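Here the structure is laid out as structure tokens; the discussion comes afterwards.
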Amino acid sequence: MPFFSKSKKGSLKGPKRRAGSLSSLTSQDSQKQDDNLAIKLQLDENELIFDSNTGQWFSEPPTGGTNAANLRKQNITLQEQNNALRLKNEILMDMVVALKADLSARDKEIEMLSG
């Protein structure tokens, strides 16, 4: 007896099912639905929230004003470090130029003595 042939006894399918009611999904209050649909993105200390009604991202301000003060302090220290690195870079470039000048003077002197 073949496995995939239709049997004459009837089909093996069960009774057709009816779709369940969706009223239980729509009966939730709007606040609970908003909480379920909210997309929150945590970036360091800041939190971004997607508003599905407007299609826009907005951020909640961080609690306390210490974040702005810390950023200002960090900005000042980074500027000071940047200035120090620029000064070091200038000094090193001056040293390279001086060494290059010395080498070219020695090369000329060697050429004069040998030629």
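Just so we're clear, the structure is a prediction, and the values are computed from it rather than from any experiment.
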For D51 and T54, run side-chain hydrogen bond (donor to acceptor under 3.5 Å, both in side chains): C-alpha distance rounded to whole Å, both residues' side-chain angles, the deciding distance at 0.1 Å, then the answer. CA-CA 6 Å; D51 185 7; T54 61; 3.2 Å; yes

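- There is a path of hydrophobic side-chain contacts, each under 4.5 Å, that joins I39 to L48.
- Summarising the geometry, atom CD1 belonging to I76 is positioned 11.5 Å from atom CG belonging to L71; distances are rounded to the nearest 0.5 Å.
- In this structure, CG on N83 lies 11.0 Å from CG on L78, to the nearest 0.5 angstrom.
- Atom CG of N70 is separated from atom CG of N75 by 12.5 Å, given to the nearest 0.5 angstrom.
- Once rounded to the nearest 0.5 Å, the distance linking CD of E90 with CE of M95 reads 14.0 Å.
- Separation of atoms NZ (K100) and CG (L103) is listed at 7.0 Å; rounding is to 0.5 Å.
- Between K40 atom NZ and W57 atom CH2 the span is 11.5 Å, to the nearest 0.5 Å.
- There is no path of hydrophobic side-chain contacts, each under 4.5 Å, that joins M93 to L85.
- Heavy-atom neighbours of E109 CD from other residues, nucleotides or ligands within 6.0 Å: at or below the threshold of 12.
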